[in-house]
Amino acid sequence: MSTLKTLPNDADVTDFINAIDNEVRRRDSFALLEMYERLTGKPPRMWGDSIIGFGMYHYKSERSSQEGDWPLAAFSPRKQNLTMYFMPGFNNYTDLLQGLGKCKTSVGCLYIKKLADVDTAVLERLILRAYADAKKQYGEKQ
């Protein structure tokens with residue numbers, strides 16, 4: 001079995017965000033940091049070198065022998081987009097996605113260029129619902 005590369009670590013989240021060159025992306029990342037902390041009630045933790053996660057669950061893949069830990073909620077200030085990870089996917093959130101604003105999605109990721117492109121009140125409801133659903137679906141590792 002291969003070793004997972006995206007593991008929780010003790011890197012400083014504030015230092016990571018402060019190192020972002022793009023001023024808008026850096027400001028938006030601090031806003032997301034505050035939002036996720038407030039909504040999840042969990043402290044942020046770096047996962048790998050670019051993901052900021054909140055909470056944790058243990059998974060076992062049904063398709064392979066892979067298993068490990070992963071954050072219940074997370075985001076990453078990537079070069080092209082702010083990427084937010086939604087563990088339950090988006091099937092149960094189409095109502096919120098319709099009112100969110102300019103964004104793209106994949107199976108479990110939401111991509112936005114900047115927070116100004118979306119309705120942050122809708123984004124907060126989306127994060128809160130998905131976090132609660134992830135905890136119900138996967139449990140929470142302490």
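With hydrogens and angles disregarded, no donor-acceptor distance shorter than 3.5 Å links the side chain of R25 to the backbone of K114. With hydrogens and angles disregarded, a donor-acceptor distance shorter than 3.5 Å links the side chain of R26 to the backbone of I20. Of the possible donor and acceptor atoms, none in the side chain of T6 sits under 3.5 Å from a partner among the backbone N and O of G48. Put simply, the side chain of N81 never gets that close to the backbone of T83: no donor and acceptor are under 3.5 Å apart. At least one donor-acceptor pair closer than 3.5 Å links the side chain of R129 to the backbone N or O of N92. Between the Y138 side chain and the M87 main chain, a donor and an acceptor come within less than 3.5 Å of each other.
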**Prompt:** Given Y36 and F75, is the ring pair (Phe, Tyr, Trp, His ring centres under 6.0 Å) satisfied, shown in steps?
**Reply:** CA-CA 9 Å; Y36 272 86; F75 75 92; 5.3 Å; yes
**Message:** Please determine whether side-chain contact (heavy atoms from CB on, under 4.5 Å) holds for the pair V122 and V118, giving the CA-CA distance in whole Å, both sets of side-chain angles, and the decisive distance to 0.1 Å.
**Reply:** CA-CA 8 Å; V122 174; V118 298; over 6 Å; no
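The heavy-atom pair separating Q80 from K113 by the smallest distance is O-NZ, 3.3 Å. Taking both residues in full, the closest heavy atoms of D28 and L115 are given as OD2-N, 2.9 Å, listed atom of the first, atom of the second, then distance. Minimum interatomic distance between F86 and L126 (heavy atoms only, all atoms of both residues): CE2-CG, 3.7 Å.
The shortest side-chain heavy-atom distance between F16 and D49 does not fall under the 4.5 Å cut-off. Using a 4.5 Å cut-off on side-chain heavy atoms (C-beta onward), Y85 and I51 make contact. Within the 4.5 Å cutoff, the side chain of W47 has heavy atoms near those of the M56 side chain. In this structure, Y111 and T105 have side chains that are not in contact, with every pair of non-hydrogen atoms separated by 4.5 Å or more.
Atoms CZ and CZ, on R38 and F54 in that order, are 11.5 Å from each other to the nearest 0.5 Å. Distance check, rounded to the nearest 0.5 Å: CE of M84 to CD1 of I52 gives 11.5 Å.
The local environment of CG in D21 is sparse, with at most 12 non-hydrogen atoms from other residues, nucleotides or ligands closer than 6.0 Å.
Looking at K42 and E140, a side-chain N of the basic residue comes within less than 4.0 Å of a carboxylate O on the acidic one, giving a salt bridge.
A donor-acceptor contact under 3.5 angstrom links the side chains of Y93 and D133, judged on distance only.
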